[in-house]
There are 4 protein chains.
Amino acid sequence: MLEIPQDTDRLRRLPQQSRSQKRVTQILEAAARVFGKVGYEAASTTAIAKQAKTSVGSLYRFFPDKAAIFQALASFYMDRVREVFSEMLGSLNCDLPISSVIDQIIDTYYDDFLSQPGFRAVLLDYHFSPTATAIVENINREIEPYFEAFFAARAPEMEPEQIKLISMVTVEACCVLEFVSSQADETLRAKLRAEEKKLLVAYLKIYFPND
Amino acid sequence: MLEIPQDTDRLRRLPQQSRSQKRVTQILEAAARVFGKVGYEAASTTAIAKQAKTSVGSLYRFFPDKAAIFQALASFYMDRVREVFSEMLGSLNCDLPISSVIDQIIDTYYDDFLSQPGFRAVLLDYHFSPTATAIVENINREIEPYFEAFFAARAPEMEPEQIKLISMVTVEACCVLEFVSSQADETLRAKLRAEEKKLLVAYLKIYFPND
Amino acid sequence: MLEIPQDTDRLRRLPQQSRSQKRVTQILEAAARVFGKVGYEAASTTAIAKQAKTSVGSLYRFFPDKAAIFQALASFYMDRVREVFSEMLGSLNCDLPISSVIDQIIDTYYDDFLSQPGFRAVLLDYHFSPTATAIVENINREIEPYFEAFFAARAPEMEPEQIKLISMVTVEACCVLEFVSSQADETLRAKLRAEEKKLLVAYLKIYFPND
Amino acid sequence: MLEIPQDTDRLRRLPQQSRSQKRVTQILEAAARVFGKVGYEAASTTAIAKQAKTSVGSLYRFFPDKAAIFQALASFYMDRVREVFSEMLGSLNCDLPISSVIDQIIDTYYDDFLSQPGFRAVLLDYHFSPTATAIVENINREIEPYFEAFFAARAPEMEPEQIKLISMVTVEACCVLEFVSSQADETLRAKLRAEEKKLLVAYLKIYFPND
DNA sequence: TATGAATGAGACTTCATTCAT
DNA sequence: GATGAATGAAGTCTCATTCAT
């Protein structure tokens, strides 16, 4: 649902897709696929172009170099993440039990992001590709502030530092099963996801026992 | 303690290291450093050879190709992981509270494995490098059986499938903070580790409330 | 005065420049600038089109390929050179001392031709660009006949071969300072030009001592 | 005689040509040929490697990039020019008539340098190739000081500035026929060279009438 | 007819792998 | 057995040229 295509609800907002925008989108989608499959370093611009059903030349009309494609992809995801999380955590009914919140968040994060190989590639390559590291801010870092706000609302008396820590753990814990489940079958994935929710809820209950 | 060097207790035990073995060890250590710094793809065999203070030629006497080095490194870590975990989980006093067990396991896993860039590289590249993926079995999968045995001993009546699931989650959860903390400072790392222990213990208490 | 622009007296004479002719002129001017700055090989057709305030597409409507632009530019210069030299050497009063003739010729050659980067580019690239070499006749070769006629008039008894030789040397000598002076400042350029005139006059005095 | 080969008198001086030195020499000779044929921009590193009967890989072991090859070639020629001219002008008997000096100088300059396509390439590309321009000092500028010293010895009372000017003209005049004669046949070349000597001598006689 | 996006051959450069010394 | 120079396939990127709009 969050694939980069132009037919997304989210992207439909753009007035009308000019030829260029369509091309850029094609390339980013292709890049997501290729990076997702083999990683940044092993991804060749030719392969990306082929996936995008264009030529290298066209690709280079839009992106100065390979790193820029990665960066654009990362930026795209960051924007989506920011959008989705801010909307989700902002609009939550404050009386909702934490378990419901976690339920929704994990479902969204998995379905919209972690399930996409391109997103996973950005997450992983961040650790290595010198360019990538220089360019991409850890995407997860983007999400933390939303959790902080959310937790602060629940426990106004809690130390900000404490809240920050819990938020970090929460965010990271969201990725946990990503790595396990990447090769698992559908049924197992579902079970694992359920477990992950339990994991996170159990943890948060320590700090927010009444929610 | 788990650095690959030949001065390890473990390796020194070998009657006496032949010249070849020493050379292989050097190369693997070098590979761990280089893979750990730039990842599999960006690592060059020349760089590894230089780190190992040998020549590419020598390197290729021991390993047929770059993938083989990666594989050997992964195997090495797997063996260590198996050793350490089997020893640790096997020797645990069954009356030990789960929190203590988790405490020890996480400390060991972090200090002996995740703190090593080479180990992290294997973990990350496993997702991409086509060769690597083909070659390396998910290291974590190696650890699960030990947890299964451990949990089965605690809750003999539990469904094997259930146990398997809990083990998977437990193993994965051990990696959680790896990614967060890689750039964090010492103090923060310590705090995060403490949180991670809470996270896992809270989860396991669901299934083993009396431990 | 010899810049290629359409506002030249020479070109304005054309009944009225068709749109096409104007466009061709623009392109050639642009080509002169770009070739003059970076040379034939490094000049890109896009850069030429941009300089000419057209599109590559339009450029290719008039010229089949890059080499053709170079050729056209060279032809243009050759025509100008032929025009100017024939006029100059044809209209000279035969009683004029050789030094005055040289004076005028060198001034004209420098001011109208060699000072133009485009002309220099043609002269230099002639030696390399395989296409260019195949296409362009040595421009200087165009000028020789005029000198030959001129010298023959002065020394009717001289061997034609001898005259040919002197003409070649004369023509080449005109270029001499071009290369030195290209980076020199105004004052130095003037001095060098004066010396060049002396050089040539001294030489010609050998053969035409009374002129 | 000044071709870059290792069998030159000049280069023979090197104690013994190691494998590397031989390879570098091969590459530079090849570069001289290729640059000489098509110019810097149009010369491909592959073509140079092929000419040198090596692989691109080897070429890049010795030179970081194409520009470096050009630079090395230019440096080589500069060194030779400096050597040859300093030796020649330094060792000249001061009583020698100027015509003899010019005779020898022009012969040497032509036979040892200008006849070599590689040398001509360096001379020409100096005007264009941005890298080349940045790198190479105009070789001719190297020669001027030797002429200045030489002329100053002949006419101690002459203004230094005047001497500088004459030297510049002399050096440039040496190149004159280079361009004409590059496509001329043997006989014509000889004749042109003789004329060039006359040209220069006639000019210098203006300033040094008694020599 | 004018435009400039698209194409893809080919240039430069790197690096896994081989092999002569 | 050790070394590291040599090789060349493959990757990134540019630009002459074409063609749909």
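Note on naming: letters A, B, ... go to the chains in the order of the sequence lines (proteins, then strands), and numbering restarts at 1 for each one. Model, not experiment: these values are computed from the prediction.
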Which residue lies toward the 5' end of DNA chain F, D:F62 or B:K53, if each is placed at its nearest nucleotide?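 Nearest-nucleotide comparison on DNA chain F picks B:K53.
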With A:S55 via side chain to side chain contact (heavy atoms under 4.5 Å, CB included) - residues at least two apart: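 For A:S55, the residues satisfying side chain to side chain contact (heavy atoms under 4.5 Å, CB included) (neighbours in sequence not counted) are A:S58.
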When the distance from [atom1] of [X] to [atom2] of [N] is rounded to whole Å, what number comes out?
| X | N | atom1 | atom2 | answer |
| --- | --- | --- | --- | --- |
| B:I48 | F:dG4 | CD1 | C1' | 17 Å |
| B:I27 | F:dA2 | CD1 | C1' | 11 Å |
| C:F63 | F:dC15 | CZ | C1' | 19 Å |
| A:F70 | F:dT12 | CZ | C1' | 17 Å |

Quick one: stems involving DNA chain F, counted as three or more successive Watson-Crick or G-U pairs, both distances short of 3.5 Å. E:2-21 with F:2-21
For C:K66 against C:E41, the heavy-atom pair lying closest together: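 Where C:K66 meets C:E41 most closely, the heavy atoms are NZ-O, 3.1 Å.
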Show the nearest heavy-atom pair for residues C:L59 and C:I27, with the distance to one decimal. CA-CD1, 3.8 Å
Identify which one of A:F76, A:Y77, A:Y40 satisfies the side chain to side chain contact (heavy atoms under 4.5 Å, CB included) criterion when paired with A:V122.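 Only one option passes, and that is A:Y77.
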Would you say that C:F35 contacts C:I48 through its side chain, given a criterion of any heavy-atom pair below 4.5 Å between the two side chains?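 Result yes, sub-4.5 Å side-chain heavy-atom pair found.
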Indicate yes or no: at least one non-hydrogen side-chain atom of C:F63 is less than 4.5 angstrom from one of C:V24.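 Yes; the side chains approach each other to less than 4.5 Å.
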Sugar-phosphate means primed atoms, P, OP1 and OP2; the rest is base. With that split, encode nucleotides 13-21 of chain E 5' to 3' as B, S or - using protein heavy atoms under 4.0 Å. BBBSBB---
F:dT3 phosphate, OP1 or OP2: any side-chain N/O from B:S55 under 4.0 angstrom?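 For F:dT3, OP1 or OP2 has a side-chain N or O of B:S55 closer than 4.0 Å.
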Would you say E:dG4 has OP1 or OP2 under 4.0 Å from some side-chain N or O of A:R23? no
Measure from the side-chain N and O atoms of D:T54 to the backbone N and O of D:A52, and report whether any donor-acceptor pair falls under 3.5 Å. yes
What is the distance from atom CG of B:L28 to atom CZ of B:R23, rounded to the nearest 0.5 Å? 12.5 Å
